[in-house]
Structures are given as structure tokens and as C-alpha cells.
Asker: 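Before anything else, here's the structure in question.
In this text, all values refer to a predicted model and were calculated from it rather than measured experimentally. Just so we're on the same page: letters track the sequence lines, and every chain starts at 1.
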Amino acid sequence: MNGNVTDKNSRRSKKVADWILTGVLLIGSLVMIIPFIWMVLTSFDWAARLKIPFPPRFWPEEFSFKTYQMAFTNIPMLKYMINSIIVSVGVIVVSLLSAVFSGYAISKLKFKGANIVLLLALSTMMIPFEMTMIPQYLMFAKIKLLDTYWSFFLPALNYAFGTFLAKSFIDQLPGSLREAAIIDGANEFTVFVKVYLPLCIPILATMIILQFLAVWNDLLWPLLALKTPDKYTIQLGLAMFSYNKDLPLPSVIMAATTVSLTPVIVLYLFLQRYIVESIALSGVKQ
Amino acid sequence: MSSELKTSIVIPKQGTTIRRKKFFTRRDVAGYLFSAPLLIGIVVFSIYPMIGALILSFKKSSQTFEGDWAGLNNYKYVLTDSLFWQSIYNTFYMGILSVVLGVSLSFILATLIHNISWLKWRNFFKGVYFLPNVVSLVATSILFSFLFNPGSEGLLNYVIGLVGIEPIGWFTDPKYARFSIVIMTLWGMLGYNTIIFIAALTSVPRDLYEAAEVDGANWLKKWLYITIPYLKPIIIFMVIIGTINAMKRFTDVWLIGGTAGNPAGSLMTAVLYIYRNGFLSSQMGIATAASYILFFFILVLTIVLMLTNRKSNFD
């Protein structure tokens, strides 16, 4: 037996295996991508504005931007996008502040009952939103904050998963930093904001990604909370428009859908690595 | 460790008296202040609504908490409502199929991607397969209602027509509607599971595989006897998360099947049932009772799945 020969053989067979795997996965990724490509190309097809063309085609028969023009005039897409941005930013700010302050307190201040707070946060994470949506709706109706964005910002205080993420991240930071700063005369708030918060940027970025995707894509709470069409978020506006089945306008709806996807897709193209890492982290941590 | 701490506190006698006088240390006060936003959030938006829903579920259908007591009538109504059981059946049908298919397919997909030697391709595939996951459920539902157009002009019907299959009424035929939803769900969630599985695969110690190779194991044996057992906790975790999410299915069925869960109620799910009763017919009592029954189902399922994990660890 010559070790060199078997080594060469196994290396060659590994290479063949790599090519086969890549081929199989390429075919699979084509299946994943085709729906997108078809949607984007059809959205430019003015001839498909009244009816989906038969036989199905990828390349537009009548290439035009008029579908997009209609999407922006018939559906106030721009307004919905701005509304969604306002809601997302507000929710992200409130939920991250709540999560990182409490996560720091549980991890480094070790106050009386810190473990109870963590346990409480973890156990409420198991309660699905669908359980609490009706009383929450009635509560906001009673304090007359329904149909305002406060009904989005206030519940963001309850970001228990973020607390959990922040706590396990801050656990890895040395506690001696706090002690040194305290000896230098800093108060707890300054210690946190000046010393620990800057070190938390990686976990904050993860939370921003997770929360942005969740808030931008949510439909159920906007559907319950928002009544005035002017205040609709992008998902609610799009859903309400396409819900009207008497109005076909296929390529216009596809143009609107494409517009609704652009922010997340653009973000994804630029931050793909971080988004994939955040999701992997959120899965492994849970 | 803890006993060491205790003794170090007790030794200086003066110290203990000072400690006792100050009930809350500076750390405690700061801790409560820092946790206050979260605690307020939990109490107002988790605990209070849970209690509120419980109270409502025993009240006569009302839009406030002040209505008359209904006793167990709401629960009786829901549990004898054939529509509710249909919604539970549909929810489970779509849920079990999408979890079983989704977890096994993404596990296979993850091992394939993980086994490519070229890092660039690996990252490319991670990116492509995950992409549908950032697409909202609203956009996915709109897109698939065009792809699954029941006429021959639908893209998918056209493709299967090329090999001589008659057009299928994907979302309009009650026989196929649930399965079509499962296909759509797979498209959306495959990447999410795959990413988590790939992250877990990188954590399998290499020497396990090397030891197996010395014993002459081929790739299939390594996959069956090392990879799968090692990743079992993650697999169970994916099944639990998938099941919980499947129990909460609403957005896609509402957009595709409307509030009646059409065609022929085959897309009526438990949350759609809650939404219908609570917000369309203003019967909050019935809706909250249904939500507690659904919660009970989710809880039992989660506990059963967690127990299967624990049992396997003792073997």
C-alpha cells in the first residue's frame, strides 16, 4: 500500500464530491430565487396589469415603469414606508434601552432579586402574543392610545429576549471595569453608559437586526391597532390593498410588493453576514 | 464557593451591623432602577393581559372587563364548536407537515452546505437559501397566490403542465390548500433552520469524525451515528420552535383564505378563529377562552417535546 496514492485518490474524490454538492445546491437555490425574479420582472410588465399573462413569461412584453407609478399613486406606498420606519425606529430604541439596562443590572449589579427578574423575563418569553393581544387591545382602547404609534412603542418595553441576549453578552465582560470606575468616583449610571454600553455595540447590532425584521414584517398587531389608513404600516397597507380581490391589477400589486421588500433586501445585501450571524446567535441562545 | 462568601462576610463584627442597617445597597437601588422599564413592560404587557384574558374568558361576550359572568359557558361554546375543532385540525395538519418536512429538509441542506470545502460557495449558499426568510409573510402570500394561480396561467401549473399534469387549484381546492400553505412555509423557513443547523454543525468536535474514520466508517455512517445524535438537542429545539410558530399561523391564511379560511374552511386556523370571534363578531369572551385552550395545547406540546429530549439524554 502506498500512502501517497490513496491520499491523492481521496483528495480527488473529495473534489468530485464538492462539484456534485455545489451542482445540487445550485439547482436548489435556483428554485428559491425564481419566485423573486419572476415577481420583479412581472412588476415591470405593463401588459400584465389586468391579467397574469398566458403562457407565463419571464421577460415583460411591454416593459414600463407605469406599474410603479400606479403603485405609488393608487397605494400611498411612500407614506406607508415612512410610517413603518417611524414605528421600527421607535420600537428599536425603546426595546433596546429596556433590554440593555436590565441585562446589565442582572449581570453586573447582582441586586437582591436579580435572579427573579431574569426568571420572570424568561418565563414571559414563552407567552405567545396571540394570548395577550385581546386584553392589550382593550387596554389601549381604554386609555385612548389605539390607532397611535404609542401602541407599538410602549409594549416594546417588554423585550425579554433582548434582556436575555444582553445579560449573556455582558456576563463575558469583566466586572473589574465597574469596580475601577466606582473607585474613581463614577456613579452607576455613568459606569454603565461610559464604560459598558460602548462595549455592548455588537449585541446591540444583533438586536437591531432582529427587531427591525420583526417589526417591519409584522402584520397582526398593526391590523388590530391601526384604524386610520394614513397611519398604516407598509405590511398593513399592502395587505389591505391586495385583500381587495375585485381589483386584480397583478403587475401593480407585484410592483407594490417589490417596493415593500426593497429596504429589507437592500439591507440584506449589505449586511448579509451580520444578519445571518444574528439569526444563528438568536437560535443558539434560545 | 457560596460558603466561602458567607464566612468572609461574617468575620468582621462591625461590618455585619453596618450591613444590616443598610437594607438596600447602592447596587440594589441602581439594579431596580435599571430593571424598571423591563419590569413595567412585563407587568403591563404580559402578566396583566394574561390575567385579563383569563377574566375575560369567564365573562359574557363583551368589549370591556365589566360584563356579566358567564361561568364556563365560553369554554363550553368553544369546545363544542365544530369550527373550532376544524381550526385545530387544520392548524395541526399544516403544522406537523411543515415542521417535519422543514426540519428534515433543512438538516439535510445544512449538512450539504457544511460539507463543501470551498468557503466562498458555502457563504453564497447560506446567503441564497436564507434570503426568503427576510421577506415578510404578507409579501410571500401575495407572491405565492400568483405563483399558485389556479388557472393554467399560474407559473407552477404551467410548469407541471409541461409534463402533462392537469392544472391544480392550489389555494382554491380544499384538497390542496393546506399542502400549498406548507410548500409556501417551507420556502420561507428553510433558510432559518438551515442557518441554525450550520452553526450547530461547526460545533461538532472533529476528533469524533477522525476516530470513526480510523474505524472505517463512511460518510453515511458518520452522519447517522455522530452528526445526528450530537445535534439531537438542536433538532428538538427546532421542532419546538417550529411547532409553537405553526400553532400561531394567521397572516398567510388570513391573506389567502380570508376570515372564513376558504376554500371550504380548510385554511381556518386557531388564531384565525380567535381573530374572527374577537374582532369581527366582538365576542371577546369566546375569543379569549379559545386563546386559553390554544395556549394549553401549545404548553402540552412543548412539555412533551422537552421530555423526549430529556429521556434521550438518560439513555
Asker: Give every donor-acceptor pair under 3.5 Å between a side-chain atom in residues 30-46 of chain B and any protein atom, sequence neighbours left out.
Answerer:
from: B:Tyr32; atom 1: OH; to: A:Lys112; atom 2: O; distance (Å): 2.7
from: B:Ser35; atom 1: OG; to: B:Gly31; atom 2: O; distance (Å): 2.8
from: B:Ser46; atom 1: OG; to: A:Asn158; atom 2: ND2; distance (Å): 3.0

Asker: I'd like to know whether the aromatic ring centres of B:Trp121 and A:Trp19 sit less than 6.0 Å apart in this structure.
Answerer: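 Ring centres of A:Trp19 and B:Trp121 not closer than 6.0 Å.
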Asker: Using heavy atoms and a sub-4.5 Å threshold, report which of residues 141-148 of chain B line up against chain A, by residue number.
Answerer: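 Checking residues 141-148 of chain B against chain A gives B:Ile142, B:Leu143, B:Phe146, B:Leu147.
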Asker: Answer with side chain, backbone, both or neither: which region of A:Met139 has an atom nearer than 4.5 Å to a non-hydrogen atom of chain B?
Answerer: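 It is the side chain, since no backbone atom gets that close.
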Asker: Is A:Leu26 in contact with chain B via its backbone, its side chain, both, or neither, using a 4.5 Å heavy-atom distance?
Answerer: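 When you check distances to chain B, atoms from both the backbone and side chain of A:Leu26 fall under 4.5 Å.
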Asker: Heavy-atom distances under 4.5 Å only: say whether B:Ile55 touches chain A with side chain, backbone, both or neither.
Answerer: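 For B:Ile55, no heavy atom lies under 4.5 Å from chain A.
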Asker: Under 4.5 Å from any heavy atom of chain A, what part of B:Tyr129 do you find: side chain, backbone, both or neither?
Answerer: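 Both the backbone and the side chain of B:Tyr129 come within 4.5 Å of chain A.
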Asker: Check each atom of B:Phe250 against the heavy atoms of chain A and say whether the ones under 4.5 Å are side chain, backbone, both or neither.
Answerer: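 Side chain only.
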Asker: Tell me, for B:Leu155 versus chain A, whether the close heavy atoms (under 4.5 Å) come from the side chain, the backbone, both or neither.
Answerer: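 Its backbone and side chain both get close to chain A.
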Asker: For B:Phe197, is it the side chain, the backbone, both, or neither that has a heavy atom closer than 4.5 Å to a heavy atom of chain A?
Answerer: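 When you check distances to chain A, no heavy atom of B:Phe197 falls under 4.5 Å.
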Asker: What closest approach, in Å, do B:Ala199 and A:Ala280 show between heavy atoms, and which atom pair accounts for it?
Answerer: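 That closest heavy-atom pairing would be CB-CB, 4.0 Å.
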Asker: So what's closer than 4.5 Å to chain A heavy atoms on B:Phe279: side chain, backbone, both or neither?
Answerer: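 Contact with chain A is through the side chain of B:Phe279 alone.
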Asker: Contact part of B:Asn123 toward chain A, heavy-atom cut-off under 4.5 Å: side chain, backbone, both or neither?
Answerer: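 Backbone only.
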Asker: Taking the side chain as every heavy atom from C-beta outward, state whether A:Ile234 and B:Val138 have any atom pair closer than 4.5 Å.
Answerer: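 No, side chains not in contact.
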